[in-house]
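Below is one structure, written out as structure tokens, with a few remarks after it.
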Amino acid sequence: MRAIITVTGRDTVGILAKVTAICAEANVNVADVSQTIMQDIFVMVMLADISKSNIEFTELSDRLKICGREMALEIHVMHEDIFNSMHRI
Amino acid sequence: MINTQDILETIKMIRQENLDIRTVTMGISLLDCIDSDIDKACNKVYDKITRLAENHVKVSENIEKRYGIPIINKRISVTPIAFLAGATSSNPVKLALALERAADTTGVNFIGGYGALVHKGFSVGDKALIESIPEALSITSKVCSSVNIGSTHAGINMDAVRLMGEIIIKAAEATADNSCFGAAKIVVFCNAVEDNPFMAGAFHGTGEPDCVINVGVSGPGVVRSAVQKLPNADIGEIAECIKRTAFKITRMGQLVGTEAAKALGIPFGIVDLSLAPTPAVGDSVAYILEEIGLEKCGAYGTTAALALLNDAVKKGGVMASSQVGGLSGAFIPVSEDAGMIEAVKAGALSLEKLEAMTAVCSVGLDMVVVPGDTPADIISAIIADEAAIGMVNNKTTAVRVIPAIGMKEGDILEFGGLFGSGPVMSVNRFSPKKFIERGGRIPAPLQSLKN
């Protein structure tokens with residue numbers, strides 16, 4: 001089971017470190033990371049394997065959301081199925 | 001890995017363009033709750049609903065978090081209560097209270113089905129139930145009511161049409177201190193569908209399984225934004241763009257529906273391919289029509305643009321979903337759509353134009369506020385006209401008008417929340433009294449020699 005974590009906002013020091021730390025704590029493996037700057041906005045997309053996660057999906061989502069709020073970033077965690085179903089036939 | 005652009009597009013749709021699942025509706029059959037003792041029937045109704053829907057809200061909330069997609073309403077639809085009312089001679093309002101209690105316990109936003117199917121005539125219990133609707137809706141807040149008064153196969157029951165005009169006024173009067181909200185919870189249908197997840201017209205048809213999950217999607221904001229990117233495209237390209245967008249929206253509905261059904265262990269019914277607006281600015285069907293090229297919704301060309309929109313939504317949606325049903329089409333509720341409200345205020349959109357628009361889209365005259373002194377026979381005649389459009393064109397049509405007690409044309413009736421606010425619209429005052437008083441039934445229309 002995989003989830004997509006997206007982080008958008010102003011680029012600051014330590015975004016990747018903080019997000020991956022929360023993932024590591026939950027035993028969530030980050031499989032892939034891509035980041036770009038789109039119209040001055042920092043965008044990071046992470047593909048995370050949550051099958052061995054030691055917390056509920058909703059808990060992970062809440063933790064990352066709180067982290068996002070602290071850093072003035074928007075962080076969303078969404079199950080990859082939503083993207084697969086919307087963008088692939 | 002999934003394309004970053006696709007991921008960001010989905011997130012933009014949800015965060016900025018108000019994409020959401022409008023409703024996950026659990027349909028529950030109450031046929032096994034029929035009892036000649038109304039108190040026993042009430043207990044059975046309450047027990048069955050709370051047993052089957054115990055986890056309904058929780059499951060939907062989990063799905064919301066898992067996929068990051070808002071599910072605005074969790075609802076329940078039940079067998080038309082007239083079936084239960086027919087078995088007992090007691091006042092059916094008790095059943096409305098049982099539904100309300102069940103809705104409170106399960107935590108759903110609305111429960112629909114306090115209604116009757118009388119397209120060919122009244123059976124035992126139907127009249128008593130219909131006459132109890134104003135009281136039932138004034139003493140409950142979550143119960144919704146619908147009555148089917150016509151169909152392509154049966155014609156239009158004009159006795160029921162006359163009765164419903166009176167019932168709508170009584171329901172508005174009974175809730176006059178609450179924005180006449182009672183009338184906003186009544187839908188009068190022609191060709192009602194059995195698997196509609198949308199309120200206030202949702203009920204669980206007798207041909208449905210015991211329990212089922214139906215989903216209604218929304219997304220006018222997403223379609224508008226997609227059309228906005230094509231300022232110089234021709235109409236064919238616009239249709240193609242809407243189709244593609246509708247596909248994505250509906251896929252999400254399909255995913256949520258199947259996941260909810262799986263988690264609850266009950267069958268998945270249908271996705272209702274709808275563009276359901278909300279009063280939020282940007283989430284408007286009228287704005288899509290204006291984006292296609294009309295100065296204001298209601299201008300000449302509105303019916304054609306709406307026909308195009310409605311058809312493209314269905315074409316994209318059908319491909320995206322394994323089971324399609326419900327009302328499936330663009331909704332045009334006046335009070336729930338910021339663009340429609342503006343168009344009425346600007347004098348661009350009249351009741352007559354809305355009626356024409358209902359011939360090419362789902363679902364009918366919806367959330368239309370009329371002056372409080374509108375006579376019952378005029379409301380009945382509005383219902384008859386709308387039902388005739390549905391009957392002749394083999395489609396569902398409905399009327400949800402709200403007589404704003406004590407208000408006149410140009411005033412604004414505020415509902416709040418998803419229901420928005422409705423400008424009181426002008427009504428043609430020439431009398432249809434004699435036509436409505438005749439009663440009887442309009443015969444079913446010819447189904448061949450179509451020209």
Side-chain angles (χ1 to χ4, degrees), chain A residues 1-9 16 19 26 28-51 53 55-69 72-89, chain B residues 1-17 19-21 57-71 215 217 219 222-223 226 243-260 262-263 268 271 316-322:
Chain A
M1 210 164 67
R2 298 192 302 182
I4 305 281
I5 303 170
T6 54
V7 183
T8 48
L16 184 61
V19 174
V28 167
N29 182 38
V30 178
D32 198 354
V33 181
S34 85
Q35 61 178 61
T36 45
I37 306 283
M38 287 172 74
Q39 294 163 350
D40 292 339
I41 297 170
F42 170 79
V43 180
M44 182 170 79
V45 179
M46 300 167 81
L47 179 67
D49 183 352
I50 51 170
S51 49
S53 170
I55 54 172
E56 287 287 315
F57 188 91
T58 50
E59 174 67 26
L60 177 69
S61 167
D62 287 343
R63 282 189 197 176
L64 285 166
K65 206 161 266 173
I66 292 165
C67 163
R69 221 172 290 147
L73 294 163
E74 251 192 81
I75 305 187
H76 301 290
V77 192
M78 293 153 87
H79 196 285
E80 72 165 339
D81 280 355
I82 189 164
F83 304 103
N84 285 331
S85 65
M86 276 177 88
H87 299 283
R88 287 182 190 168
I89 297 177
Chain B
M1 187 165 163
I2 306 155
N3 186 327
T4 309
Q5 287 299 335
D6 289 345
I7 291 172
L8 295 177
E9 184 192 7
T10 301
I11 289 171
K12 187 164 168 252
M13 282 179 177
I14 296 169
R15 303 296 147 193
Q16 292 172 22
E17 296 162 2
L19 177 61
D20 55 53
I21 300 287
V57 171
K58 203 173 81 196
V59 162
S60 294
E61 283 170 356
N62 280 342
I63 291 173
E64 271 185 289
K65 282 212 166 158
R66 191 173 156 100
Y67 296 107
I69 173 86
I71 299 174
V215 169
V217 293
V222 181
V223 174
K243 216 162 78 179
R244 285 169 185 273
T245 312
F247 174 84
K248 292 177 187 171
I249 297 172
T250 312
R251 285 288 272 200
M252 199 187 61
Q254 169 81 15
L255 174 70
V256 167
T258 43
E259 286 295 313
K262 200 165 77 185
F268 171 58
V271 177
V318 162
M319 171 79 180
S321 174
S322 57

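Everything numeric here is computed off the predicted structure, so don't read it as measured data. Heavy-atom basis, side chains included; hydrogens, waters and symmetry copies ignored. Below, chain A is the first sequence line, B the second, and so on; all start at residue 1.
- When heavy atoms are compared at a cutoff of 4.5 Å, A/Glu74 approaches chain B solely by way of its side chain, counted from C-beta outward.
- Proximity of a side-chain donor or acceptor of B/Arg251 to a complementary backbone N or O of A/Asn84 within less than 3.5 Å is not detected.
- Between B/Ile11 and the choices A/Thr6, A/Thr8, A/Val43, the side-chain contact (heavy atoms from CB on, under 4.5 Å) rule is met once, by A/Thr6.
- The environment of B/Arg244 atom CZ is sparse: at most 12 non-hydrogen atoms of other residues, nucleotides or ligands sit within 6.0 angstrom.
- Proximity to chain A at a heavy-atom threshold of 4.5 Å picks out B/Asn62, B/Lys65, B/Arg66, B/Tyr67, B/Gly68, B/Ile69 from residues 60-70 of chain B, in numerical order.
- Going from atom OG1 of B/Thr4 over to atom CD of A/Gln35 covers 11.0 Å, rounded to the nearest 0.5 Å.
- For the pair A/His87/B/Thr10, a side-chain contact is recorded, criterion being any heavy-atom separation below 4.5 Å from C-beta on.
- Inter-residue side-chain proximity for A/Ile82 and B/Met252 is flagged as met; some heavy-atom pair is nearer than 4.5 Å.
- Between B/Ile249 and A/Met86 there is no side-chain heavy-atom pair separated by less than 4.5 Å.
- In this structure, no portion of A/Met44 lies under 4.5 Å from any heavy atom of chain B.
- Among residues two or more places apart in sequence or in another chain, the side-chain hydrogen bond (donor to acceptor under 3.5 Å, both in side chains) test is passed with B/Lys12 by B/Glu17.
- Counting heavy atoms from C-beta outward, B/Ile7 and A/Phe83 have side chains that approach closer than 4.5 Å.
- Counting heavy-atom pairs closer than 4.5 Å to chain B, the top residue among A/Asp81, A/Leu60, A/Thr36, A/Val77 is A/Asp81.
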